[in-house]
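Just below is one structure, and these are the notes that go with it.
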Amino acid sequence: MLYRIAASLLLSPLPLVAATIEVGKFNAKIVPERVSVLVLPDRGTLTDLVKPEGRLEAGTVIAVLNKQRTQEAREDMELQIARERMNKKDEVQKLRNQRRKVQFYNSLSPSERRFNTDFSPEETPTKTTLQDIDERIALLEKELATMERRKRSEFAIKHDPLTLRMPFAGRLQYNITLPEDLSKPFEFSENVRSFATVCDDSTFYITINVSESNLSLLDEKKFGITVKLPGDKVLRGTYSHRRVERAHNGNDMLVYFFRLPEEDNATAYDILGSNTMAELTYDTGDDVLHVNKAELIADPRAAECENWEQLINLLHPGYSILLIGQRDIVLTPVKSN
């Protein structure tokens with residue numbers, strides 16, 4: 001008798017309602033807008049360390065490796081460039097002097113040229129002599145510029161990685177044991193993969209991996225998420241974006257990002273990277289029907305069904321499943337053609 005009453009209640013017309021449904025609990029992480037891991041290319045003497053406290057601006061130097069050697073190498077490079085510049089200038093000056101002589105020679109009459117001693121018979125200027133001299137001067141000047149650019153580029157490729165800077169504004173965390181006095185040179189000999197980690201603390205997100213295909217087909221903007229913390233603190237995120245990422249096992253996963261309000265940035269930073277549980281909700285909107293799972297299972301005919309879809313077709317013909325939540329199933333009317 002109770003089964004028949006339950007069945008009659010379930011089969012009776014139910015009002016269409018608008019509500020937020022609890023989709024389920026998901027493993028979640030708190031992540032910043034951006035993260036960058038900084039690596040030192042070698043061991044050596046570290047200087048210019050800064051206190052990893054508060055927010056640092058983009059471009060701030062946070063460490064320099066082998067600063068003294070770099071300075072000595074820079075001085076040696078500048079000396080080489082200056083020496084090459086002087087040598088090229090001497091060659092250019094000689095060519096310009098020769099050019100003036102050629103111009104003077106060309107200004108003489110044929111009879112006057114017989115008395116000119118600047119050129120031997122084998123060196124007598126031709127119609128192309130001035131052009132040849134100009135081309136040689138241009139070539140020397142180009143060689144000088146190319147040499148200087150190459151030396152500075154080679155120096156930068158070798159020494160720029162030794163100066164670590166904040167790639168963007170944010171928080172800094174050194175991944176090594178720091179000396180007590182950061183102002184003194186520090187011998188760095190640890191074999192670590194990462195020297196420091198920088199995170200952009202302007203925005204934080206709650207992220208979850210959504211593997212259920214039925215969820216990925218829903219309107220992402222209607223999702224909401226909450227993370228409960230000790231002390232009755234709750235973080236609430238609004239949908240921002242989603243993207244496919246590569247998991248540690250090599251498989252692709254669809255990750256949803258929920259932006260946290262700015263006032264929660266400090267709390268988010270304190271639990272950055274930690275694993276937690278998040279409650280995912282969905283705003284089902286208008287014209288939907290919520291049916292309770294427990295009530296559906298209580299119907300005697302539930303034993304005849306292998307899945308929720310069969311049971312809904314049996315108990316609520318004319319409806320299809322929109323979303324299966326923790327306690328309820330959301331149904332939508334099937335549109336007739």
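Excluded from the calculations below are hydrogen atoms, water molecules and symmetry mates; all remaining heavy atoms, backbone and side chain alike, are included. Just so it is clear, the structure is predicted and the values come from calculations on it, not from any experiment.
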Straight-line distance of Asp76 CG to Arg69 CZ, nearest 0.5 Å
14.5 Å

Check whether the side chains of Glu187 and Thr45 place a donor and an acceptor atom closer than 3.5 Å, and report yes or no.
yes

Is the number of heavy atoms from other residues, nucleotides or ligands under 6.0 Å of Glu245 CD greater than 12?
yes

Step through the shown structure and confirm whether more than 12 heavy atoms of other residues, nucleotides or ligands are within 6.0 Å of CD on Glu309.
no

Donor-acceptor pair, distance only, cut-off 3.5 Å: does the side chain of Ser153 make one with the backbone of Arg149?
no

Ser320 side chain reached by Val334 side chain, heavy atoms, under 4.5 Å:
yes

Could you go step by step and tell me if Leu46 and Leu40 meet the side-chain contact (heavy atoms from CB on, under 4.5 Å) rule?
CA-CA 10 Å; Leu46 277 175; Leu40 282 175; 3.8 Å; yes

With sequence neighbours left out, write down each residue that passes side-chain hydrogen bond (donor to acceptor under 3.5 Å, both in side chains) with Glu220, or none if nothing qualifies.
Arg242

So does Ile62 get a backbone contact from the side chain of Tyr174, meaning a donor-acceptor N/O pair under 3.5 Å?
yes

Spell out, yes or no, whether Val244 and Leu218 are grouped together once hydrophobic residues are joined by side-chain heavy atoms under 4.5 Å, including indirect joins.
yes

Given a cutoff of under 4.5 Å between side-chain heavy atoms of I, L, V, M, F, W and Y, with clusters grown through shared members, what are the other residues clustered with Met253?
Val31, Tyr205, Val255, Phe257

Backbone of Glu295 reached by a side-chain donor or acceptor of Asn292 within 3.5 Å
yes

Over 60° means perpendicular and under 30° means parallel, so classify the ring planes of Tyr256 and Phe258, tilted if in between.
parallel

So Leu140 and Glu143, do their side chains get closer than 4.5 Å, heavy atoms only?
yes

Stepwise side-chain contact (heavy atoms from CB on, under 4.5 Å) check, Asn209 with Phe26:
CA-CA 8 Å; Asn209 173 22; Phe26 290 76; over 6 Å; no

When clusters are formed by joining ILVMFWY residues with side-chain heavy atoms under 4.5 Å apart, either directly or through shared neighbours, do Val61 and Phe188 land in the same one?
no

Are Arg96 and Glu141 close enough for a salt bridge, meaning some N to O gap below 4.0 Å?
yes

Is Val198 close to Leu38 at the side-chain level, that is, under 4.5 Å between some pair of heavy atoms?
yes

Determine whether more than 12 heavy atoms belonging to other residues, nucleotides or ligands lie under 6.0 Å from atom CZ of Arg152.
yes

Strictly below 4.0 Å, N to O, side chains only: are Arg165 and Glu57 in salt-bridge contact?
no

Only one of Leu314, Asn307, Ile312 clears side-chain contact (heavy atoms from CB on, under 4.5 Å) with Gln310; which?
Asn307

Return the minimal non-hydrogen interatomic distance between Ile206 and Gly237, and the atom names on each side.
CD1-N, 4.3 Å

Heavy atoms, side chains only, cut-off 4.5 Å: are Ile329 and Tyr319 in contact?
no

Got a sec: does the CG of Asp132 have more than 12 other heavy atoms crowding it under 6.0 Å?
yes

Flag if over 12 foreign heavy atoms under 6.0 Å of CD, Glu263
yes

In the hydrophobic cluster built from side-chain contacts under 4.5 Å, what are the other members alongside Ile81?
Met77, Leu144, Met147, Phe155

Please round to the nearest 0.5 Å and tell me the distance separating atom CD1 of Ile324 and atom CD of Glu212.
10.0 Å

Side-chain heavy-atom pair Ile271, Leu235 within 4.5 angstrom cut-off:
yes

Calculate, to the nearest 0.5 Å, the distance between atoms CG and CZ belonging to Leu65 and Arg43 respectively.
11.5 Å

Rounded at 0.5 Å granularity, tell me how far OG in Ser194 sits from CD in Gln173.
9.0 Å

Note: Lys88-Glu84 ion pair, threshold 4.0 Å (strictly below)
no

Using a strict 4.0 Å threshold on nitrogen-to-oxygen distance, state whether Asp264 and Lys233 make a salt bridge.
yes

Could you check whether any side-chain heavy atom of Trp308 comes within less than 4.5 Å of a side-chain heavy atom of Ile297, counting everything from C-beta outward?
yes

Show your working on side-chain contact (heavy atoms from CB on, under 4.5 Å) between Ile157 and Glu154 and close with a plain yes or no.
CA-CA 5 Å; Ile157 292 173; Glu154 291 173 350; 5.8 Å; no

Side-chain heavy atoms of Phe204 within contact of Thr267, under 4.5 Å
no

Can you tell me if Arg236 has over 12 outside heavy atoms packed within less than 6.0 Å of its CZ?
no

Show the nearest heavy-atom pair for residues Glu279 and Gly24, with the distance to one decimal.
OE2-O, 3.5 Å

Should Ile208 and Phe223 be marked as a side-chain contact (heavy atoms from CB on, under 4.5 Å) after you check the CA-CA gap, both sets of side-chain angles, and the distance that decides it?
CA-CA 12 Å; Ile208 60 171; Phe223 282 115; over 6 Å; no

So which atom in Lys293 and which in Asp328 form the shortest heavy-atom distance, rounded to 0.1 Å?
CE-O, 4.2 Å

Please name the pair of heavy atoms, one in Ser240 and one in Arg259, separated by the smallest distance, quoted to 0.1 Å.
OG-NH2, 3.9 Å

Is Leu215 close to Leu323 at the side-chain level, that is, under 4.5 Å between some pair of heavy atoms?
yes

Modelled atom types, side-chain donor and acceptor of Glu91 and Asn87, under 3.5 Å:
no

Lys228 versus Val234, closest heavy-atom pair with distance:
CG-CG2, 4.4 Å

Locate the shortest heavy-atom distance separating Leu254 from Ser216; write the atom from each residue and the value.
CD2-CB, 3.8 Å

Just how far is it from atom CG of Asn265 to atom CG of Asp201, taken to the nearest 0.5 Å?
6.5 Å

In one Ile/Leu/Val/Met/Phe/Trp/Tyr side-chain cluster, 4.5 Å: Val35, Ile30
no

Is the closest basic N to carboxylate O distance between Arg246 and Asp252 below 4.0 Å?
yes

